[in-house]
Amino acid sequence: MSDTPVVTRFAPSPTGFLHIGGARTALFNWLYARGRGGKFLLRIEDTDRARSTPEATQAILDGLTWLGLDWDGEATSQFEAATRHAEVAHQLLSEGKAYKCFSTQEEIAAFREQAKAEGRSTLFRSPWRDVPEAEHPDAPFVIRIKAPQDGEISIQDAVQGEVTWKAETLDDMILLRSDGTPVYMLAVVVDDHDMGVTHVIRGDDHLANAARQSMIYTAMGWDLPTFAHIPLIHGPDGKKLSKRHGALGVEEYAAMGYTPSGLRNYLARLGWSHGDDEVFTDAQALEWFDLSGIGKAPARLDFKKMENICGHHIAMSDDKVLMRDIEHYAANDMQQNLSQTQKDKLAEALSVLKGNSKTLGALLDKAHFILGSRPFTPDEKAAKQLNSVSRGILKELTPHLQTATWSREMLESVLNDFAASKEMGFGKLAGPLRAALSGRAVSPSVFDMMMLIGQEETLARLEDAQGT
RNA sequence: GGGGUGUUCGUCUAGUGGUCAGGACAUUCGUCUUUCCAACGAAAAGCAGGGGUUCGACUCCCCUACACCCUACCA
């Protein structure tokens, strides 16, 4: 396809679950790499020891797995490469492209405070940039990069276009802390280079960082990867996604009954488009996805649309995949492990269930007639269908069903004839019948249900409904 | 304070100087029906504001407004 194989990566910080925005970033990287026969790598940015936890790492891995985004090789730990990062910092130091800065954090903080008070730029200029080694004190120091002091720095971004900064607006950022540990900005660049990442697709909160990072690439004489800074996702109110919006982690979307493929489709369509295509398969997404189709404006989450897309995916889902999704949903989000018999019944009924359910929850609701067992206690709405009059009707209907041949055509004619003989609309008959068969006011068609549960069970449920 | 980015129906978006500004979700109203599930049909709804450039701007330039990001020995 192309001469240089594509390598992308997703690099989350393990400080919480897999964020929905992170999930989309991962998806874009995955689509781009997989659609081009490239590699999709996973790197855990765990250099912040205080906030990183193994549980969070696991949650992220689980989230990606649930979403169906598989990565190549083992997930790597950024923290474990700290020595290599420090090595690069020292190389830059010995090449005169970086320097030791002895300014203390207190000094810098005081400077910033004063600058702010006076309304000046808070950009810190270290006085140590050109101080010769001989004059260095014996004190803790950080290593800072020597940023260019004049001219411009610009990066070519696949989404944002050319973005330029004046050199004087950029400071000599720290590469290595006074305790010798590398700073994020250095770690990312070194890791991306070492891992052979060709395309850095990430949130546009990193756009400004890209300028700083490019200085490291340049100083090391490394080729820059292609950058693609994608706009962030906002909450339905247009504000930045935060705790008060709820539903931040992908597992919450799983709990709401969305399917992985539905969410993939929805997320791909958020901030990216391929003409007017709204509902598409993974194969199509893989074929169509390109950086040029990514928009620049932040997008808002819209649960209604998510539901709609998900409904399409449930309907077009492969039965095996759908069964797996349902089992996962039932086990994890409803604390209900389906028995083998329930699974078998579900598999049998899948074709009538999947056509009109937008979420797995809705699907399982409709499956109640096959998942539950006698006697069915009608819910509130179903109970309304079962008054003394309708019970009488069901009672009269029973003998007709006892003698009927159990085929769909036969049942249709039996029920229609019966309704006609009573001079009532079919709806008047189907309502109570539905309530009796499923205990619900919403279910699949009464014929589908009768065919699925069989004659004996149908009669038994009718009996139950008449009883009380 | 400094720097960067963004702004097309309520929402996601198509659109790169000449279009009745298209599609989808949602909404409203209908249709169908065996279901307050679903399906189907129709309607309504938009280029943030102001200046330019041009025969002609949603499209190009400038300004304003608003939003967001960066401005840490966090990532």
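Protein chains get the first letters and strands the later ones, always in sequence-line order, with residue 1 at the start of each.
Heavy-atom contacts from other residues, nucleotides or ligands closer than 6.0 Å to CD of Glu380(A) number 12 or fewer.
Every pair passing salt bridge (Lys or Arg N to Asp or Glu O under 4.0 Å) that includes a residue from residues 9-18 of chain A is listed here, sequence neighbours excluded: Arg9(A)-Asp192(A). Sequence neighbours left out, the pairs with a member in residues 408-437 of chain A that pass salt bridge (Lys or Arg N to Asp or Glu O under 4.0 Å) are Glu396(A)-Lys422(A), Arg408(A)-Glu412(A), Arg408(A)-Asp448(A). Contacts classified as side chain to side chain donor-acceptor pair (under 3.5 Å) and involving residues 138-156 of chain A (residues at least two apart or in different chains) are given here: Ser154(A)-Glu162(A).
For the pair Glu380(A) CD and U35(B) P, the interatomic distance rounds to 20 Å; values are reported in whole Å. Spacing between atom CZ of Phe227(A) and atom P of U5(B) amounts to 16 Å, rounded to whole angstrom units. The distance from atom CG of Leu175(A) to atom P of A75(B) is 12 Å, rounded to the nearest whole Å. Counting to the nearest Å, the P atom of U35(B) and the CZ atom of Phe369(A) are 17 Å from each other. Here the C1' atom of nucleotide C69(B) and the CZ atom of Arg202(A) are 13 Å apart, to the nearest Å. The CG atom of Asp379(A) sits 14 Å away from the P atom of C37(B) (whole-angstrom rounding). For the pair Ile174(A) CD1 and A72(B) C1', the interatomic distance rounds to 8 Å; values are reported in whole Å. One atom, CG of Asn209(A), and another, P of G4(B), lie 15 Å apart when rounded to the nearest Å.
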5' to 3', nucleotides 39-50 of chain B under a 4.0 Å protein heavy-atom cut-off (B base, S sugar-phosphate only, - none) gives ------------
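Under the salt bridge (charged side-chain N to carboxylate O under 4.0 Å, His left out) criterion, Arg112(A) pairs with no residue, sequence neighbours left out. For the side-chain hydrogen bond (donor to acceptor under 3.5 Å, both in side chains) test, residues two or more places apart in sequence or in another chain that qualify with Asp179(A) are Thr181(A). Remark: His312(A) pairs with Asn308(A) by the side-chain hydrogen bond (donor to acceptor under 3.5 Å, both in side chains) rule, at least two apart or across chains.
Of the residues in residues 110-118 of chain A, those placing a heavy atom less than 4.0 Å from an atom of RNA chain B are Arg112(A), in numerical order. The stretch residues 151-169 of chain A comes close to RNA chain B through Gln160(A), Val163(A), Thr164(A), Trp165(A), Thr169(A), each having a heavy atom under 4.0 Å from the strand. Interface residues of residues 436-446 of chain A facing RNA chain B, ordered by number: Ala441(A), Val442(A), Ser443(A), Pro444(A), Ser445(A), Val446(A); criterion, heavy-atom separation under 4.0 Å. Within residues 80-89 of chain A, no residue is approached by RNA chain B to less than 4.0 Å at the level of any non-hydrogen atom.
Between the side chain of Asp205(A) and the base of C70(B) there is no donor-acceptor pair of N/O atoms closer than 3.5 Å.
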Under 3.5 Å, which protein N or O atoms sit close to an N or O of nucleotides 12-14 of chain B? Give each pair with its distance.
| unit_1 | atom_1 | unit_2 | atom_2 | d |
| --- | --- | --- | --- | --- |
| C12(B) | OP1 | Arg300(A) | N | 3.0 |
| C12(B) | O2' | Arg269(A) | O | 3.2 |
| C12(B) | O2 | Lys305(A) | NZ | 3.4 |
| U13(B) | OP1 | Gly271(A) | N | 2.5 |
| U13(B) | O3' | Ser273(A) | OG | 3.1 |
| U13(B) | O2' | Arg269(A) | NH2 | 3.2 |
| A14(B) | OP1 | Ser273(A) | OG | 2.9 |

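Contact check, Lys296(A) against U5(B): no side-chain N or O comes under 4.0 Å of OP1 or OP2.
Ring centers of Phe227(A) and His206(A): at least 6.0 Å apart, outside the cut-off. Less than 6.0 angstrom separates the ring centroid of His136(A) from the ring centroid of Phe102(A). Aromatic ring centroids of Phe289(A) and Phe28(A) lie under 6.0 Å apart.
With hydrogens and angles left out, the side-chain atoms of Asp191(A) and His85(A) include a donor and acceptor closer than 3.5 Å. With 3.5 Å as the limit, one finds a donor-acceptor pair spanning the side chains of Ser390(A) and Asn387(A).
Only the P atoms considered, C62(B) is 12 Å distant from G4(B), to the nearest whole Å. Straight-line distance between the C1' atoms of C68(B) and A48(B): roughly 16 Å, to the nearest whole Å. Taking atom C1' on both G22(B) and C9(B), the two are 12 Å apart, rounded to the nearest angstrom. Across G15(B) and G46(B), the matching C1' atoms stand 13 Å from one another, rounded to whole Å.
Using cut-offs of 30° and 60° on the angle between ring planes, the pair Tyr253(A) and Tyr258(A) is tilted.
Both Pro236(A) and Gln105(A) lie close to RNA chain B; mapped to their nearest nucleotides by heavy-atom distance, the more 5′-ward contact belongs to Pro236(A).
Nucleotide U5(B) forms a Watson-Crick or G-U wobble pair with A67(B), both donor-acceptor distances falling under 3.5 Å. Base pairing annotation: C25(B) forms a Watson-Crick or G-U wobble pair with G10(B), both donor-acceptor distances under 3.5 Å.
Closest contact between the side chain of Ser121(A) and the listed nucleotides A75(B), G1(B), U71(B) involves G1(B).
No side-chain heavy atom of Leu27(A) sits less than 4.5 Å from a side-chain heavy atom of Trp272(A). With a 4.5 Å cut-off on side-chain heavy atoms, Val188(A) and Arg202(A) count as touching. Looking at Phe280(A) and His274(A), their side chains never come closer than 4.5 Å, going by heavy atoms from C-beta outward.
Within the 4.0 angstrom heavy-atom criterion, base atoms lie near Met185(A).
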